[in-house]
A.B. asks: 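Structure provided below as C-alpha coordinates; questions to follow.
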Amino acid sequence: MDMEQILQKEIEESQRELNVPNDDTIHRRDLKKRIELINWILENMKNPDIQICEVIESRLDVVILKINQTHDIFEADKLHSELRILDWIFFIVCKDQQKN
(Lines give C-alpha, C1' and ligand atoms only; values in the text may rest on other atoms or scores of the structure.)
Protein backbone atom coordinates (compact mmCIF):
# COMPACT_ATOMS: atom_id res chain seq x y z
CA MET A 1 0.00 0.00 0.00
CA ASP A 2 1.47 3.34 -0.98
CA MET A 3 1.42 6.52 1.09
CA GLU A 4 -1.59 8.05 -0.62
CA GLN A 5 -3.62 4.89 -0.08
CA ILE A 6 -2.68 4.83 3.60
CA LEU A 7 -3.75 8.44 4.01
CA GLN A 8 -6.98 7.87 2.07
CA LYS A 9 -7.77 4.94 4.35
CA GLU A 10 -7.20 7.16 7.38
CA ILE A 11 -9.66 9.69 5.96
CA GLU A 12 -12.24 6.96 5.39
CA GLU A 13 -11.83 5.62 8.93
CA SER A 14 -12.01 9.10 10.43
CA GLN A 15 -15.09 9.91 8.36
CA ARG A 16 -16.75 6.67 9.42
CA GLU A 17 -16.02 7.45 13.07
CA LEU A 18 -17.28 11.00 12.60
CA ASN A 19 -20.60 9.65 11.32
CA VAL A 20 -21.15 7.59 14.48
CA PRO A 21 -23.32 9.43 17.01
CA ASN A 22 -20.95 10.80 19.62
CA ASP A 23 -21.38 13.61 22.12
CA ASP A 24 -17.66 14.16 22.56
CA THR A 25 -17.24 17.45 20.70
CA ILE A 26 -13.48 17.53 21.22
CA HIS A 27 -13.08 14.12 19.60
CA ARG A 28 -15.31 15.22 16.70
CA ARG A 29 -13.29 18.44 16.33
CA ASP A 30 -10.07 16.41 16.20
CA LEU A 31 -11.50 14.03 13.61
CA LYS A 32 -12.52 16.96 11.41
CA LYS A 33 -9.07 18.52 11.77
CA ARG A 34 -7.43 15.16 10.98
CA ILE A 35 -9.46 14.87 7.77
CA GLU A 36 -8.66 18.46 6.86
CA LEU A 37 -4.92 18.05 7.42
CA ILE A 38 -4.69 14.73 5.58
CA ASN A 39 -6.53 16.25 2.62
CA TRP A 40 -4.10 19.18 2.72
CA ILE A 41 -1.17 16.76 2.62
CA LEU A 42 -2.66 14.75 -0.22
CA GLU A 43 -3.23 17.93 -2.20
CA ASN A 44 0.39 19.02 -1.68
CA MET A 45 1.67 15.56 -2.60
CA LYS A 46 0.18 15.99 -6.08
CA ASN A 47 2.83 18.57 -6.87
CA PRO A 48 6.13 16.76 -7.54
CA ASP A 49 8.08 20.00 -7.03
CA ILE A 50 7.04 20.21 -3.38
CA GLN A 51 9.24 18.70 -0.69
CA ILE A 52 6.36 17.39 1.42
CA CYS A 53 8.37 16.80 4.57
CA GLU A 54 9.61 20.38 4.51
CA VAL A 55 6.05 21.62 4.03
CA ILE A 56 4.86 19.59 7.01
CA GLU A 57 7.79 20.78 9.15
CA SER A 58 7.00 24.36 8.23
CA ARG A 59 3.37 23.90 9.26
CA LEU A 60 4.51 22.29 12.52
CA ASP A 61 6.70 25.34 13.21
CA VAL A 62 3.78 27.70 12.53
CA VAL A 63 1.52 25.81 14.93
CA ILE A 64 4.22 25.77 17.64
CA LEU A 65 4.67 29.53 17.21
CA LYS A 66 0.90 30.05 17.54
CA ILE A 67 0.84 27.91 20.70
CA ASN A 68 3.64 29.98 22.22
CA GLN A 69 1.82 33.21 21.40
CA THR A 70 -1.63 32.28 22.69
CA HIS A 71 -2.85 33.05 26.16
CA ASP A 72 -6.18 31.28 25.72
CA ILE A 73 -6.15 27.73 27.08
CA PHE A 74 -9.01 26.66 24.80
CA GLU A 75 -7.23 27.92 21.70
CA ALA A 76 -3.99 26.31 22.88
CA ASP A 77 -5.84 23.00 23.29
CA LYS A 78 -7.03 23.14 19.67
CA LEU A 79 -3.52 23.96 18.51
CA HIS A 80 -2.01 21.13 20.56
CA SER A 81 -4.45 18.74 18.90
CA GLU A 82 -3.45 20.05 15.49
CA LEU A 83 0.21 19.70 16.42
CA ARG A 84 -0.31 16.09 17.54
CA ILE A 85 -2.09 15.24 14.26
CA LEU A 86 0.60 16.94 12.16
CA ASP A 87 3.30 15.12 14.11
CA TRP A 88 1.60 11.80 13.35
CA ILE A 89 1.27 12.72 9.64
CA PHE A 90 4.91 13.78 9.56
CA PHE A 91 5.96 10.45 11.03
CA ILE A 92 3.84 8.45 8.57
CA VAL A 93 4.83 10.42 5.48
CA CYS A 94 8.47 11.14 6.27
CA LYS A 95 9.62 8.07 8.19
CA ASP A 96 11.62 6.79 5.21
CA GLN A 97 13.42 10.11 4.89
CA GLN A 98 14.16 10.12 8.62
CA LYS A 99 16.02 6.81 8.28
CA ASN A 100 18.33 8.28 5.64
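Owing to the predicted nature of the structure, the values given are computational and were not obtained by experimental measurement. When a residue number appears, it is its place in the shown sequence, counting from 1.
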A.B. asks: Could you check R16 against E13 for side chain to side chain contact (heavy atoms under 4.5 Å, CB included), going step by step and ending with a plain yes or no?
C.D. replies: CA-CA 5 Å; R16 190 175 22 240; E13 289 176 9; 3.2 Å; yes
A.B. asks: In Å and rounded to the nearest 0.5 Å, what is the CD1 to CD distance from I41 to E43?
C.D. replies: 11.0 Å
A.B. asks: Do L42 and I11 have side chains that get closer than 4.5 Å, going by heavy atoms?
C.D. replies: yes
A.B. asks: Against H80, only a single residue in V63, I67, I64 fulfils side chain to side chain contact (heavy atoms under 4.5 Å, CB included); can you say which?
C.D. replies: I67
A.B. asks: Can you hop from W40 to V62 via hydrophobic side chains spaced under 4.5 Å?
C.D. replies: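 Hydrophobic grouping puts W40 apart from V62.
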A.B. asks: Only one of I52, L37, L60 forms a side chain to side chain contact (heavy atoms under 4.5 Å, CB included) with I89, so which one is it?
C.D. replies: L37
A.B. asks: So how far is it from R84 CZ to L79 CG, rounded to the nearest 0.5 Å?
C.D. replies: 12.0 Å
A.B. asks: Hey, mind stepping through M45 and I50 against side chain to side chain contact (heavy atoms under 4.5 Å, CB included) and telling me if it holds?
C.D. replies: CA-CA 7 Å; M45 288 174 76; I50 291 181; over 6 Å; no
A.B. asks: To the nearest 0.5 Å, what is the distance between NE2 on H27 and OG on S81?
C.D. replies: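 Taking NE2 in H27 and OG in S81, the distance rounds to 11.0 Å.
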A.B. asks: With E57, which residues qualify under side-chain hydrogen bond (donor to acceptor under 3.5 Å, both in side chains), at least two apart?
C.D. replies: none
A.B. asks: Quick one: do E82 and R59 satisfy salt bridge (Lys or Arg N to Asp or Glu O under 4.0 Å)? Show the steps, please.
C.D. replies: CA-CA 10 Å; E82 182 175 346; R59 178 88 179 245; 3.1 Å; yes
A.B. asks: Would you say that V93 contacts L7 through its side chain, given a criterion of any heavy-atom pair below 4.5 Å between the two side chains?
C.D. replies: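 Yes, their side chains come closer than 4.5 Å.
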A.B. asks: How would you list all residue pairs meeting side-chain hydrogen bond (donor to acceptor under 3.5 Å, both in side chains) that involve residues 65-78, not counting sequence neighbours?
C.D. replies: R29-D77
A.B. asks: Hey, any chance I35 and F91 share a hydrophobic cluster, counting ILVMFWY side chains that come within less than 4.5 Å of each other, even indirectly?
C.D. replies: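 Per the 4.5 Å side-chain linkage, I35 and F91 are co-clustered.
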A.B. asks: Kindly indicate, with the supporting measurements, whether the criterion side chain to side chain contact (heavy atoms under 4.5 Å, CB included) is fulfilled by K9 and I6.
C.D. replies: CA-CA 5 Å; K9 185 177 180 203; I6 292 169; 5.8 Å; no
A.B. asks: Looking at side-chain heavy atoms only, is the closest gap between I92 and M3 below 4.5 Å?
C.D. replies: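 Side chain of I92 against side chain of M3, heavy atoms only: contact under 4.5 Å found.
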A.B. asks: Are any non-hydrogen side-chain atoms of W88 and E10 less than 4.5 angstrom apart?
C.D. replies: yes
A.B. asks: Does I85 offer a backbone N or O that forms a donor-acceptor pair with the side chain of R34 under 3.5 Å?
C.D. replies: no
A.B. asks: Are N39 and E36 side-chain neighbours, meaning at least one heavy-atom pair lies under 4.5 Å?
C.D. replies: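 No, side chains not in contact.
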